[in-house]
**Student:** 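First the structure, which I've put down as structure tokens, then a few questions once you've had a look.
Residue numbers run from 1 in the order of the sequence given.
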Amino acid sequence: MTERTYGVDIETRIEIEQLISELLYRLDHNQADTTWELYTEDAVTVGPLGTMNGRDAIRAWGAKRARQTDVVGRHVIGGIRLAWEGEILVGTVSYLTFRDAAEDVLKPASVGEFRERYRKVDGGWRFARREIVPVFGGANAAAHAKRLADAEAVQAGSR
């Protein structure tokens, strides 16, 4: 019999934790242009940078983000809670985000949680929905989003 953790078997937990870690590694190591691979075709992401609907929107965002090589950040996660809500696997992941643009780079730019839904597709787990919910540092997250938008506008104007 398979060991269960809050209704989620250990193999599934490991696969989901690997999915989360892979996404954050790619974001932190200038590989945002490949993150779309980790989402379902109809995935939705919601957060300080707005809402993206579908893999194509996530792919376009990732391509833009990968070109912003002057932004250095790291995500630290913990408290991964997984549970089944009927047939849907959901997760809540606590995070700290650090950015080099912060006034004090050793203090988190944002503290919050990722609220996620996962779906198994072709034998592998993918993000079906991902919400980035700052609990502390929401103003920092909004300022970061504005910096990125301003940098994108400057780049568009120089073309």
**Student:** State plainly whether the residues Arg13 and Glu15 are in salt-bridge range, i.e. N to O under 4.0 Å.
**Tutor:**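 Not counted as a salt bridge, because no side-chain N and carboxylate O are separated by less than 4.0 Å.
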
**Student:** Any non-hydrogen side-chain atom of Leu49 less than 4.5 Å from a side-chain atom of Trp61?
**Tutor:**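 Yes, their side chains come closer than 4.5 Å.
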
**Student:** Verify, without hydrogens or angle tests, whether Arg26 (side chain) and His29 (backbone) share a donor-acceptor contact under 3.5 angstrom.
**Tutor:**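 The answer is no, because no donor-acceptor pair under 3.5 Å joins these two groups.
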
**Student:** Within a strict 4.5 Å, meaning less than it, do heavy atoms of the Leu82 and Tyr118 side chains meet?
**Tutor:**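 Yes - at least one pair of side-chain heavy atoms lies under 4.5 Å apart.
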
**Student:** For Trp84 and Gly7, indicate whether the former's side chain and the latter's backbone hold a donor-acceptor pair under 3.5 Å.
**Tutor:**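 It does hold such a pair.
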
**Student:** Between Leu38 and Glu22, is there a side-chain heavy-atom distance shorter than 4.5 Å?
**Tutor:**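 SC-SC contact between Glu22 and Leu38 confirmed.
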
**Student:** Check whether any side-chain heavy atom of Thr51 sits under 4.5 Å from a side-chain heavy atom of Asn53, and report yes or no.
**Tutor:**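 Touching, per the 4.5 Å side-chain cut-off.
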
**Student:** Ile80 and Glu17: side chain to side chain contact (heavy atoms under 4.5 Å, CB included), yes or no, with the steps?
**Tutor:** CA-CA 8 Å; Ile80 299 171; Glu17 288 182 8; 3.8 Å; yes

**Student:** Decide whether Ile132 and Leu27 are clustered together by the hydrophobic rule: side chain heavy atoms of Ile, Leu, Val, Met, Phe, Trp, Tyr closer than 4.5 Å, transitively.
**Tutor:**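 They do share one cluster, since a chain of ILVMFWY contacts under 4.5 Å joins Ile132 to Leu27.
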
**Student:** I want to check something: taking the side chain as every heavy atom from C-beta on, are Leu23 and Leu19 in contact at a cut-off of under 4.5 Å?
**Tutor:**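 A side-chain contact is absent here, since even the closest heavy-atom pair is not under 4.5 Å.
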
**Student:** Distance check, rounded to the nearest 0.5 Å: Glu131 atom CD versus Glu116 atom CD?
**Tutor:**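 Spacing of CD (Glu131) from CD (Glu116) equals 10.0 Å.
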
**Student:** Inspect the surroundings of NZ in Lys120 and state if more than 12 heavy atoms from other residues, nucleotides or ligands are less than 6.0 Å away.
**Tutor:**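 Enclosed.
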
**Student:** Using a strict threshold of under 4.0 Å (side-chain N to carboxylate O), is an ion pair present between Asp42 and Arg119?
**Tutor:**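 Here Arg119 pairs with Asp42 in a salt bridge, since their nearest N and O are under 4.0 Å apart.
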
**Student:** Looking at every heavy atom in both Pro108 and Leu96, which two are closest together, and how far apart are they?
**Tutor:**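 Minimum heavy-atom contact is CG-CD2, 3.6 Å.
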
**Student:** Where do Ala109 and Arg99 come nearest, in terms of heavy atoms and distance?
**Tutor:**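 Scanning both residues, the minimum pair turns out to be CB-NH1, 3.3 Å.
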
**Student:** Under the 3.5 angstrom rule, does the side chain of Arg74 hit a backbone N or O of Phe98 as a donor-acceptor pair?
**Tutor:**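 Pair absent, no side-chain N/O of Arg74 close to backbone of Phe98.
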
**Student:** When clusters are formed by joining ILVMFWY residues with side-chain heavy atoms under 4.5 Å apart, either directly or through shared neighbours, do Val46 and Ile58 land in the same one?
**Tutor:**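 Different hydrophobic clusters.
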
**Student:** Taking ring-ring contact (aromatic ring centres under 6.0 Å, His included) as the definition, give me every residue that meets it alongside Tyr39, ordered by chain and number, with sequence neighbours left out.
**Tutor:**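 Tyr39: ring-ring contact (aromatic ring centres under 6.0 Å, His included) contacts with Phe127.
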
**Student:** Short question: side chain of Asp28, backbone of His75 - any donor-acceptor pair under 3.5 Å?
**Tutor:**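 Looks like yes, one N/O pair under 3.5 Å.
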
**Student:** Same cluster or not: are Val121 and Ile16 linked, directly or through other Ile, Leu, Val, Met, Phe, Trp or Tyr residues, by side-chain heavy atoms under 4.5 angstrom apart?
**Tutor:**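 Cluster IDs for Val121 and Ile16 differ.
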
**Student:** Do Ser94 and Phe114 have side-chain heavy atoms sitting under 4.5 Å apart?
**Tutor:**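 Not in contact.
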
**Student:** Does Val93 share a hydrophobic cluster with Val90, counting links as ILVMFWY side-chain heavy atoms below 4.5 Å and allowing steps through other members?
**Tutor:**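 Different clusters.
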
**Student:** So, are Arg115 and Glu113 salt-bridged, with charged N and O less than 4.0 Å apart?
**Tutor:**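 Here Arg115 pairs with Glu113 in a salt bridge, since their nearest N and O are under 4.0 Å apart.
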
**Student:** With a 4.0 Å cut-off on N to O distance, would you call Arg126 and Glu37 a salt bridge?
**Tutor:**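 No, Arg126 and Glu37 are not salt-bridged.
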
**Student:** Applying a strict under-4.5 Å side-chain criterion to I, L, V, M, F, W and Y, I'd like to know whether Ile20 and Val133 cluster together.
**Tutor:**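 Result: no, two separate clusters.
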
**Student:** Is there a donor-acceptor pair under 3.5 Å between the side chain of Thr12 and the backbone N or O of Val8?
**Tutor:**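 No, Thr12 side chain to Val8 backbone: no donor-acceptor pair under 3.5 Å.
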
**Student:** Closest approach of Ala66 and Ala32, non-hydrogen atoms and distance?
**Tutor:**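 Heavy atoms only, the tightest pair is N-CB, 4.2 Å.
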
**Student:** May I ask you to check whether Arg130 and Thr45 show a side-chain donor-acceptor distance below 3.5 Å?
**Tutor:**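 The answer is no; no qualifying pair exists.
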
**Student:** Less than 4.5 Å apart, any side-chain heavy atom of Tyr25 and any of Gln31?
**Tutor:**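 Tyr25 reaches Gln31 side chain to side chain.
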
